[in-house]
Amino acid sequence: MANQTKPVLHGYFRSSCSWRVRIGNFKIPLNLLYSLKLTQEYKTLNPMQQVPAVEIDGITLSQSLAVIQYINETRPGPRLLPADPKKRAQVRMISDLIASGIQPLQNLYVIQKVGAEKMQWSHHFIDRGFQALEPILKQTAGKYCVGDEISMADICLVPQVYNAERFKVDVGQYPTIKRLNQALLEIEAFKVSHPSCQPDTPDDLRA
């Protein structure tokens, strides 16, 4: 049986990886701790010094998809991975395309290294990723990314669209992505986890 101590999420308001885990809050209450986590203490907790990190059930997990899948497997509530193996593979494919193929190229550490060209760099790689993602979602989507049930793929999609808008990508070019994002943002778990309303959100970025 899972430890009943409330898990702790170390995150940052605008981190899309942290946001993915916050969306999972509908399955499990989390204590939220925020900062960019560049301290030696945090390095001991997560040697990569990235967010999120989640202390849960006596272990620390530091990759968002690993956290989401662990919560899915150990807590009651709606499944974030479909029972059908084909749909489950599609959810994982879409999640990995976003989490491995798009987001890492415009995370904070990378764009700080890119420097003055960070806007153009991020725009290019998000646009390139969306060009691949749109036809996939046309084939897999129903009401949500894969069929009509919310899955891990939806949890990955919404933060990535937020980043696309930050970097001035015209999401209107991708009607399936746009439709899905609009539908998901009407759901409470996506609303309350939005970067505009977190404890560490700066006043000028609050909704």
Side-chain angles (χ1 to χ4, degrees), residues 1-35 37 42 44-104 107 140 143-163 180-181 183-195 197-200:
M1 183 174 177
N3 189 317
Q4 295 304 306
T5 303
K6 193 174 181 181
V8 176
L9 166 63
H10 301 264
Y12 173 61
F13 81 102
R14 202 155 57 185
S15 159
S16 57
C17 301
S18 297
W19 188 2
R20 293 173 198 152
V21 177
R22 290 198 304 267
I23 296 167
N25 208 18
F26 77 90
K27 282 184 71 96
I28 177 172
L30 299 169
N31 280 326
L32 306 181
L33 298 180
Y34 292 91
S35 81
K37 298 299 179 189
Y42 187 71
T44 301
L45 187 69
N46 179 8
M48 280 295 286
Q49 292 183 276
Q50 296 174 335
V51 290
V54 175
E55 297 176 78
I56 182 170
D57 299 342
I59 62 173
T60 300
L61 297 173
S62 61
Q63 295 294 322
S64 62
L65 298 191
V67 174
I68 290 165
Q69 290 180 78
Y70 179 78
I71 290 172
N72 182 65
E73 292 167 2
T74 60
R75 267 54 180 188
R79 296 179 61 94
L80 298 175
L81 287 165
D84 177 78
K86 291 180 180 178
K87 288 186 176 180
R88 189 162 64 246
Q90 289 174 327
V91 166
R92 287 179 168 143
M93 172 182 66
I94 293 163
S95 300
D96 284 341
L97 190 158
I98 295 168
S100 299
I102 304 177
Q103 188 275 329
N107 76 6
T140 64
K143 187 175 180 182
Y144 303 118
C145 284
V146 178
D148 295 325
E149 301 294 332
I150 292 173
S151 70
M152 185 169 68
D154 301 290
I155 289 174
C156 291
L157 179 68
V158 170
Q160 189 56 61
V161 175
Y162 173 84
N163 282 340
L180 294 169
N181 184 65
L184 290 161
L185 285 174
E186 294 299 314
I187 297 167
E188 188 67 11
F190 290 82
K191 288 181 181 178
V192 300
S193 59
H194 194 278
C197 57
Q198 299 310 304
D200 63 331

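- Atom CG in L80 sits 13.0 Å away from atom CZ in R88 (nearest 0.5 Å).
- Proximity of I56 to I71: side-chain heavy atoms (C-beta onward) are separated by under 4.5 Å at one or more points.
- Dense packing is recorded around CD of E55, with more than 12 heavy atoms of other residues, nucleotides or ligands lying under 6.0 Å away.
- Considering CD1 of I98 and CG of L65, their distance stands at 9.5 Å, rounded to 0.5 Å.
- Looking at N46, its side chain never comes within 3.5 Å of a backbone N or O of S62 through a donor-acceptor pair.
- The distance from the CD atom of E73 to the CZ atom of R79 is 9.0 Å, given to the nearest 0.5 Å.
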Side-chain donor/acceptor pairs under 3.5 Å, residues 145-157, sequence neighbours excluded:
| unit_1 | atom_1 | unit_2 | atom_2 | d |
| --- | --- | --- | --- | --- |
| D148 | OD1 | K143 | N | 2.7 |
| S151 | OG | A153 | N | 3.2 |
| S151 | OG | D154 | OD2 | 3.4 |
| D154 | OD1 | C145 | N | 2.8 |
| D154 | OD2 | S151 | N | 2.8 |

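- For the residue pair C17 and V51, the shortest heavy atom distance occurs at CB-O, 3.8 Å.
- Aromatic ring orientation, W19 versus Y162: perpendicular (interplanar angle above 60°, classes split at 30° and 60°).
- The backbone N or O of F13 lies less than 3.5 Å from a partner atom in the side chain of R22, making a donor-acceptor pair.
- A heavy-atom distance below 4.5 Å is not found between the side chains of V158 and V161.
- The closest donor-acceptor contact from the side chain of Q198 to the backbone of V192 lies under 3.5 Å.
- In this structure, the separation between CD1 on I68 and CG on N72 is 9.5 Å, given to the nearest 0.5 Å.
- Residue pairs meeting the side chain to side chain donor-acceptor pair (under 3.5 Å) criterion with at least one member in residues 93-103, sequence neighbours excluded, do not occur.
- For the atom pair CD (Q63) and CZ (R20), the distance works out to 9.0 Å, reported to the nearest 0.5 Å.
- The side-chain heavy atoms of D57 and Y70, taken from C-beta on, include a pair separated by under 4.5 Å.
- The two residues S18 and L9 come nearest to each other via the heavy atoms O-CD2, 4.3 Å.
- In terms of heavy-atom proximity, Y144 sits nearest to L184 at CD2-CD2, 3.6 Å.
- Remark: L97 CG to R92 CZ distance equals 16.0 Å, nearest 0.5 Å.
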